[in-house]
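What follows is a short report on a single structure.
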Amino acid sequence: MTQTGSLRTLLAIVLVVVLLTGNATADRLLKGTPVPADSVPVQNFVKHRCLTPFGNDQRIGGDREKPWSLPYRSLATDFDTTIHCLVLRFNFQLEETDDPNTTGLGHMDMSRPLDTLSDSAYIARNGYLIDPPPHDANYFNAHMQALSEYWETVSEGKIHLTWDIFPPGDDSVYQLPYSMSHYGACDFANVIEGLEQYFIDGISLVDTAHILDPGHPDIDFSQYQAHFMFHAGSDRQNDIGFPTTCSDLFTGFIRFGGALPVDNGTHTVRTALLMPETSIQDGRITALNAVMAHEFGHQLGLIDLYSTATFRTQLGDFALMDNNGFGTGVEFAGFTVGKVFGTTPLYPMAWSRAFLGLTDLVEIRNDTSDVRLLAAELYEQTGPKIAKVPITDKEYYLLENRITETDGLQTFVLLDSTTSVIKGPSDSTRTLTGEYDQLMPGDLGGMLIYLVDEAV
C-alpha cells in the first residue's frame, strides 16, 4: 500500500499440531496447515488495500540498456546495501471514554500476560498466540529481526538492515498531541490529509525530543534511509466491521508531498512506513510479518502489483507486492479463532527481483538450446533464475521457477523465545530455512510465466 498508488501493470499468469517445544529461553516451533482464506483463494478479505486508489505517481522508469531490456535497476548493479532504519513508537492521547471509531484506547498494549500464563493458558484464554503484548522495544526489535532475515534471504545477501528504536527504554513511547480519531478520517477522501498530519506531528516530535527532555538523545536523521512509525492500535485494512472502526489509520508507505525539515533544517524527511502495533482486530488474527515485508518493498522502490483502482488482485498469492499469501490462512491446532494470516511473506516475483537487481536474468531470443532455471528459493545456489522473452520494447514474457519446499522436511513457524514474534519458517531443529513461499498455491510449485505489458 502506498500513498501515491501504483502502476497498473498488466501481469498475467496464463499432522496439524501446535508444537510449543523448548523452555523459556529457547525459540519455539509452531506447526500449522495452510488453507484457502475463502471460496476465492486469491482474494484477501479486506475492505481497503491502498491509501489512495487513484492519481498515482509511481513509475517503473523508461531508461534501459536495450529496447527489450528491463528498466535500469533501482539499486546499483554491484550493490551490497546496508539500510539504516529509524524505528519510532507513538501513543495517541488516551481515550478516557472508548471511541467507538478506533481500535484500543490510544496507548500501546504494555500488559505482560505471558509473565503469569503459560503459552497454552494464553491460547486457551485468547484463542491464539500471535504478536502478544507487551508491545515494547523487544517486540519491535524482534519484528525488525524477522524483516531483516526476510530481505537478506530473498535478496541473496545483497540487502542488510540495521535499526535503532526510539524513544529509549523498553516501555517508552512518544506521546502525540491528539487522539487517534484526529488523524484517522472516516471519510475516505480525507484519509491522506490525516496521515500526513500524523507524519508531520510524529517526526517533528522526535526531532525536538532532546530539547524537551535533556536525557533524550539528539537523533541525527541524516544517518537513516528508512523510517518506521509504529502507532498504538490496529489498522484500517483489518477493520472488517465487527464493529466498524473507521478512524483506525491505514498501514502503508507514505511519500510526503513536501519535505519536512529536521536536524535544524540541515536535513529533510519525505517518506515513512506507517505501521500499527498489531493488525489484530474484529476476531481476524493477522501477524505483522507479511505486511512489514510488503511495505518495505516500497521503501526499496517496488510498486503494488494489484490494481490500485479496484483493489483486485492480478498476481494473487504468487507475489509479495500483490496478495502476498493472504489468500491462504494457516490453521494452528488449539487456536479457536480459525485461520491466521500474514505469518509468512512471499518471495518477490520475477519482475520485482529483476527490477531491484536482486537476481540476474537470461534473455531468450533466437536460442533453441535448453534454458535451466534454478528455483528462486534456492538462494544459496548460483545460476539463472529468471528468463526473459522479448515481444516488443514494452512487452515481454518472464519465466521463473518457484517451489514451496526446499529441504524435504516439515516446515514450522519459529517463535522468538522472548516475545513470541514469528521469526520465519524453520525446520524441526529451529534453523531458519528461507522457505518463504510455503503459502504459495500449489503443492510443490513449478514454472510461472508472466506476460508483462508496461504500456498498460
Side-chain angles (χ1 to χ4, degrees), residues 2 6 58-61 63-65 69-88 140-166 219-229 252-256 259 262-263 267-275 289-305 319-321 324 345-361 374 376-386 400 423-424 432 434 436:
T2 64
S6 77
Q58 285 197 107
R59 296 293 181 265
I60 60 175
D63 295 334
R64 56 199 74 211
E65 183 180 0
S69 299
L70 282 173
Y72 281 126
R73 297 161 173 174
S74 61
L75 302 175
T77 302
D78 58 350
F79 70 93
D80 183 354
T81 302
T82 297
I83 300 173
H84 303 288
C85 306
L86 180 61
V87 180
L88 307 171
F140 294 109
N141 183 64
H143 268 298
M144 292 301 296
Q145 288 177 339
L147 179 70
S148 179
E149 177 69 25
Y150 168 82
W151 276 107
E152 186 155 342
T153 297
V154 302
S155 70
E156 302 183 9
K158 297 181 177 71
I159 293 176
H160 313 277
L161 303 185
T162 66
W163 57 91
D164 295 312
I165 300 176
F166 288 98
I219 296 174
D220 182 357
F221 280 85
S222 68
Q223 300 301 308
Y224 301 99
Q225 293 82 50
H227 312 89
F228 290 77
M229 299 178 65
F253 178 79
I254 190 170
R255 182 180 295 106
F256 184 52
V262 292
D263 296 340
H267 188 67
T268 59
V269 177
R270 294 194 62 183
T271 62
L273 287 84
L274 310 184
M275 297 289 305
N289 299 64
V291 175
M292 285 182 64
H294 172 102
E295 300 304 344
F296 198 79
H298 290 306
Q299 178 71 52
L300 296 174
L302 294 181
I303 61 172
D304 287 318
L305 295 176
L320 169 75
M321 304 309 291
N324 194 20
L346 291 177
Y347 258 71
M349 49 75 70
W351 186 90
S352 296
R353 299 200 324 278
F355 180 63
L356 289 181
L358 305 182
T359 307
D360 288 327
L361 56 82
L374 281 172
E377 299 79 6
L378 301 178
Y379 56 93
E380 294 180 338
Q381 300 185 29
T382 58
K385 294 180 179 176
I386 301 174
E400 69 171 345
K423 300 178 71 172
L432 294 172
Y436 288 103

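- Listed by chain and residue number, Tyr150 satisfy the ring pair (Phe, Tyr, Trp, His ring centres under 6.0 Å) test with Tyr436 (two or more places apart in sequence, or in another chain).
- Listed by chain and number, the residues in a side chain to side chain donor-acceptor pair (under 3.5 Å) with Asp220 are Ser222, Gln223 (sequence neighbours excluded).
- Under the side chain to side chain donor-acceptor pair (under 3.5 Å) criterion, Tyr224 pairs with Asp164, sequence neighbours left out.
- Using a 4.5 Å cut-off on side-chain heavy atoms (C-beta onward), Asn141 and Val87 make no contact.
- Remark: Ala272 pairs with Phe199, His227, Met229, Ile254, Leu274 by the side-chain contact (heavy atoms from CB on, under 4.5 Å) rule, at least two apart or across chains.
- Legend: residues meeting side-chain contact (heavy atoms from CB on, under 4.5 Å) with Thr268, ordered by chain and number and at least two apart, are Ala259.
- Considering only residues two or more places apart in sequence or on other chains, Trp151 meets the side chain to side chain donor-acceptor pair (under 3.5 Å) condition with none of them.
- Listed by chain and number, the residues in a salt bridge (charged side-chain N to carboxylate O under 4.0 Å, His left out) with Glu400 are Arg353, Arg402 (sequence neighbours excluded).
- Atom CG of Leu86 is separated from atom CD1 of Ile219 by 5.5 Å, given to the nearest 0.5 angstrom.
- Residue pairs meeting the salt bridge (Lys or Arg N to Asp or Glu O under 4.0 Å) criterion with at least one member in residues 144-156, sequence neighbours excluded: Glu156-Lys385.
- With sequence neighbours excluded, the residues forming a side-chain contact (heavy atoms from CB on, under 4.5 Å) with Gln225 are Ile83, His84, listed by chain and number.
- In terms of the side-chain contact (heavy atoms from CB on, under 4.5 Å) criterion, Glu380 has no residue partners (sequence neighbours excluded).
- The aromatic rings of His298 and His294 lie perpendicular to each other, with more than 60° between the two planes, well past the 30° mark.
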